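In what follows, chains are A, B, ... by sequence order, proteins preceding strands, each numbered from 1. It should be emphasised that the depicted structure is a prediction, and the values quoted were computed from it without experimental measurement.
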2 protein chains.
Amino acid sequence: MARAKYKQIVDFYKKYITENKLSDGELLPSESKVANKFDFSRDTVRRALDQLEKDDVVYRQRGRGTFYKDSKNKVKEKKIAVITTYLSNYIFPNIISGIEEVVSSKYYTMTLANTDNDPNKERKHLRKVIDNGVDGLIIEPTKSAIDTHNMDLYRELKEKNIPFVMLNAYYRELNPSYAIVNDYKGGYKATQYLLQLGHKNIAGIFKEDDLQGVFRLKGFKKALNDYGIDSESADVGTYITSQISSYPYHWMDKMLSHQDQPTAVVCYNDEIAVDVVKAIIDKGLKVPEDISVVSFDDSILATATNVRLTSVRHPKEDLGRHAARLLFNMIEIGVEKPRFLYDPELVVRDSCKELRRR
Amino acid sequence: MARAKYKQIVDFYKKYITENKLSDGELLPSESKVANKFDFSRDTVRRALDQLEKDDVVYRQRGRGTFYKDSKNKVKEKKIAVITTYLSNYIFPNIISGIEEVVSSKYYTMTLANTDNDPNKERKHLRKVIDNGVDGLIIEPTKSAIDTHNMDLYRELKEKNIPFVMLNAYYRELNPSYAIVNDYKGGYKATQYLLQLGHKNIAGIFKEDDLQGVFRLKGFKKALNDYGIDSESADVGTYITSQISSYPYHWMDKMLSHQDQPTAVVCYNDEIAVDVVKAIIDKGLKVPEDISVVSFDDSILATATNVRLTSVRHPKEDLGRHAARLLFNMIEIGVEKPRFLYDPELVVRDSCKELRRR
DNA sequence: TTAGTTTATTTGTATGTACCTTTAAATTTA
DNA sequence: TAAATTTAAAGGTACATACAAATAAACTAA
């Protein structure tokens, strides 16, 4: 069967509704009339009306007829989900605020969840999102550099055509839509700045279980190499999420015991920088007089501390806004792979000192 | 017709499902078998299955059969809405994080919106929440002390039996469920602390368009009176939301030009305290040596600043958690008016000095 | 053993016919 | 004129029949 007859009738009724600009409650041609018109059996017409009734386009009343049921009474608010690693601290409130700003300007609501950078929690929330049905998803992946064991669920998102935008980091193999900061360039610029101030012995501390850290480290090494310093000889500390509370302080403390103490440190982000600065001060040294520090994200911590930190800007609210807009482009216009890549600059403050050229 | 035949078949299938304790996806007797069994036409059986399919009890696959669709797969996730004045700054991320923690431990999702303390935005979001249907709402009212022009919508919430919990402040006339801090006591304790340190000339700056500010001011005055100081003679500055960016600094600046300069200031919250401290420092004075400062909320600002602030504790995450739990008690157990009133204590840090008794 | 083919079973589409129930309008009656 | 009755039209239920399309199991050939 090329095309079911009853579907022709469905189309006929739909066309009738649009062409005659019917409004809510208006009468449609009766079953028998349409059956005669097409020379189909009345049962075929009924089958079509069954379909339309199921689809909530018409309602029927015995003895009266079949009536158009206007869809404007059933506009469903659309829902998007936002899953980030954290909610309440650091730059995340700003990112979320940016998303909310865009979301609530449309007829959408957003649901929030956080993973604490735990892939199991991420899995739970992804499952929930898929099973429950959302119109779109903004997600910051957990441990994006090492752990991809929720890849199956990400693929399920794609199979079920649930539009999603990856935030802050993305899995290359998924070839997804994303809104991220160019961390490689950020790492390069931060390090380049120190090099231009005359620093040669530059240490770095980076998180290695998310892609932001991996790329920042790559940029760090590239800058060193470009300025004639073997990046392999540089002191680099790496840590993972679970070590976050103790590692940075102790690593810096150890660095300061070296005979060949670094003159500058590149820190994964402002949170780490705060610990690093504390370790420096506790050793009786000063920032930037003895040690220069640069970090990332330009968060509230960068200015709240005693030494205002020189930090690579993170767009925060703006990244959130962009992520939301990308998602809307996918949902409403059907844009395939919209992307936003932010090229960060360095915000220079008081935590770095120029070395006299030797 | 006494009873439609197809309804007998509907009942037969329903009975079959319960008696054989079918679980999701199990096969049901085929159309023709049932038709033969009852000696009805197959079309009548189909009519019954159409009904069951419409009711989401079965699904059919051509060539395979008709299968039971277990309803436990259709449990709808419940939805609660959270409306706060702000999202991304100050103590709000913590409050929201506390709510989220409780919400996501259950099979709930939460939607977020913020009002910027603007009653019009509040109205928009309330309208959305009511029209769209949520299972519950946590809301921090805007300008709770002066503006109640969304009272009609709050009443609509009650009429439609949508459970809601008011956060941080509440409208007494609604007699609602709430999770708040006892700001009166907080105001009293903060002021009492200064009085006990020997301060007699104490100024205060309070926000007057929300109830937190009104109650904190009341507690402030009560403490003064209890210690034999006429609260009417005290220097009190009040401001509203729109003046927040300029008023506190200038007010403090003016205070310091008085011939009878205060020795201590009670500030509405840490944000204000930061501006007040800045005004003091800009005059060449020091905290706490010249002027003592206490504030409210014990936020990140209280410790991030140069002078660590003595501040009245706000439970933040815990308040969020409590608000969410109260709401669940209303939704799931039907508790009538669950309430949480936090009795705050003062966190003593470095911003106050003891005066020698004269 | 494996790959393709056939067959039986199941649901999906379609037609024709018959009669029932509800509704609203037309007609009749008091 | 107002109330009661009749009638036409609409959708609702039911049966018989036929063939189409999808699926899974049984069968067959390489």
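Remark: A/K7 is not in phosphate contact with C/dT13, judged by side-chain N or O atoms under 4.0 Å from OP1 or OP2. Between B/R60 and C/dG12 there is a side-chain polar atom (N or O) within less than 4.0 angstrom of OP1 or OP2. Here B/R62 does not reach the OP1 or OP2 of D/dA20: none of its side-chain N or O atoms lies under 4.0 Å away.
Regarding B/Y6, its OH atom lies at a distance of 21 Å from the P atom of C/dC19, rounded to whole Å. The interatomic distance linking B/K5 (NZ) with C/dC19 (P) rounds to 15 Å, in whole Å. Look at CZ on B/F67: it is 12 Å from C1' on D/dA22, rounded to the nearest Å.
Judged as a salt bridge (Lys or Arg N to Asp or Glu O under 4.0 Å), and not counting sequence neighbours, B/K79 has no contacts. A search for salt bridge (Lys or Arg N to Asp or Glu O under 4.0 Å) contacts involving A/K124 returns nothing, not counting sequence neighbours. For A/N329, the side chain to side chain contact (heavy atoms under 4.5 Å, CB included) partners are A/I333, A/V335, not counting sequence neighbours. Qualifying side chain to side chain contact (heavy atoms under 4.5 Å, CB included) partners for A/K14, counting only residues two or more places apart in sequence or in other chains: A/V10, A/L52. Under the ring-ring contact (aromatic ring centres under 6.0 Å, His included) criterion, A/Y184 pairs with no residue at all, not counting sequence neighbours. A/S41 pairs by the side chain to side chain contact (heavy atoms under 4.5 Å, CB included) definition with A/D43, A/T44, not counting sequence neighbours. Residues satisfying the salt bridge (Lys or Arg N to Asp or Glu O under 4.0 Å) criterion with B/K158, sequence neighbours excluded, are absent altogether. Every residue two or more places apart in sequence or in another chain that forms a side chain to side chain contact (heavy atoms under 4.5 Å, CB included) with A/V214 is listed here: A/A145, A/K218.
Near DNA chain C, meaning a heavy atom under 4.0 Å away, the residues from residues 39-51 of chain A are A/F40, A/S41, A/D43, A/T44, A/R47. Within residues 25-35 of chain B, no residue has any heavy atom under 4.0 Å from DNA chain D. In the region residues 14-21 of chain B, proximity to DNA chain C at under 4.0 angstrom, judged on heavy atoms, holds for none of the residues.
Side-chain contact, A/S97 with A/E100: no donor N or O sits under 3.5 Å from an acceptor N or O.
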Can you list, pair by pair, the side-chain donor-acceptor contacts under 3.5 Å of residues 27-34 of chain A, counting residues two or more places apart and other chains?
{"from": "A/S30", "atom 1": "OG", "to": "A/K33", "atom 2": "N", "distance (Å)": "3.4"}
{"from": "A/E31", "atom 1": "OE1", "to": "A/R42", "atom 2": "NE", "distance (Å)": "2.7"}
{"from": "A/E31", "atom 1": "OE1", "to": "A/R42", "atom 2": "NH2", "distance (Å)": "3.0"}
{"from": "A/E31", "atom 1": "OE1", "to": "A/R46", "atom 2": "NH1", "distance (Å)": "3.3"}
{"from": "A/E31", "atom 1": "OE2", "to": "A/R46", "atom 2": "NH1", "distance (Å)": "2.7"}
{"from": "A/E31", "atom 1": "OE2", "to": "A/R60", "atom 2": "NH1", "distance (Å)": "3.3"}

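B/N150 contributes no side-chain N or O that, together with a main-chain N or O of B/L153, makes up a donor-acceptor pair within less than 3.5 Å.
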